[in-house]
Structures are given as C-alpha cells and as structure tokens.
Amino acid sequence: MAKKCKDYVSELNDYLDGELAPELCQEIEKHVGKCENCRIMINSMKQTVELVCEGKPTQLPQELQVRLNQALKKRWDAKFGKQK
Ligand SMILES: [Zn+2]
C-alpha cells in the first residue's frame with residue numbers, strides 16, 4: 001500500500017510532536033529525499049524534523065507548533081487543494 005504525499009504530510013504533524021517511531025522518521029526522510037513537493041513542504045521546518053529524527057528531545061513551544069502546522073496546511077491546500 002503505497003503512501004501518498006498527503007499521508008506523509010499528516011505524519012509530519014506527528015513528526016513535529018516527536019511522537020513518530022524511528023522507522024517512520026526514516027521512511028519520511030526517504031520519501032522526502034525523492035519527492036520535491038514534500039521537500040518544499042518541510043523545508044521551513046527541516047531543522048526541527050532533523051532534531052526529532054536524531055532522537056534528541058525536542059519540545060517546540062505550543063504556539064510554534066500550531067503556527068508550523070497551519071503554515072504547512074495552508075501551503076498544501078494552495079498547491080493540491082483542500083484536504084477533507
Ligand atoms: Zn511527497
């Protein structure tokens with residue numbers, strides 16, 4: 001069952017929460033390495049993602065998390081249309 005970009009985007013939100021399993025982190029990184037859409041999408045939060053995947057305890061301030069999630073969703077909607 002191949003995942004679509006949108007699946008990765010929803011996982012990226014968990015990514016930001018630091019709740020993603022290491023295997024999933026790797027999977028996402030692999031996908032992002034091949035997929036320009038997702039690469040652009042996470043570019044602004046790449047640093048955060050890398051921190052989480054390195055297993056370092058990262059806790060984003062709640063406000064920043066919300067802002068990142070909103071920015072991500074907005075860009076995604078603009079590019080691919082609204083998600084349900
Ligand atoms: Zn993608």
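For ligands, and for the atoms within them, numbers begin at 1 and follow the listed sequence.
Rounded to the nearest 0.5 angstrom, I28 CD1 and H31 NE2 are separated by 9.0 Å. How far NZ of K4 is from CG of N37: 14.0 Å, rounded to the nearest 0.5 Å. Note that CG of D7 is 9.5 Å distant from SG of C38, once rounded to the nearest 0.5 Å.
In terms of the side-chain contact (heavy atoms from CB on, under 4.5 Å) criterion, residue partners of E36 (sequence neighbours excluded) are, by chain and number, R39, I40.
Looking at K74 and D77, their side chains never come closer than 4.5 Å, going by heavy atoms from C-beta outward.
Note on the Zn ion (ligand 1): protein N, O or S atoms under 2.8 Å away count 4, no waters included.
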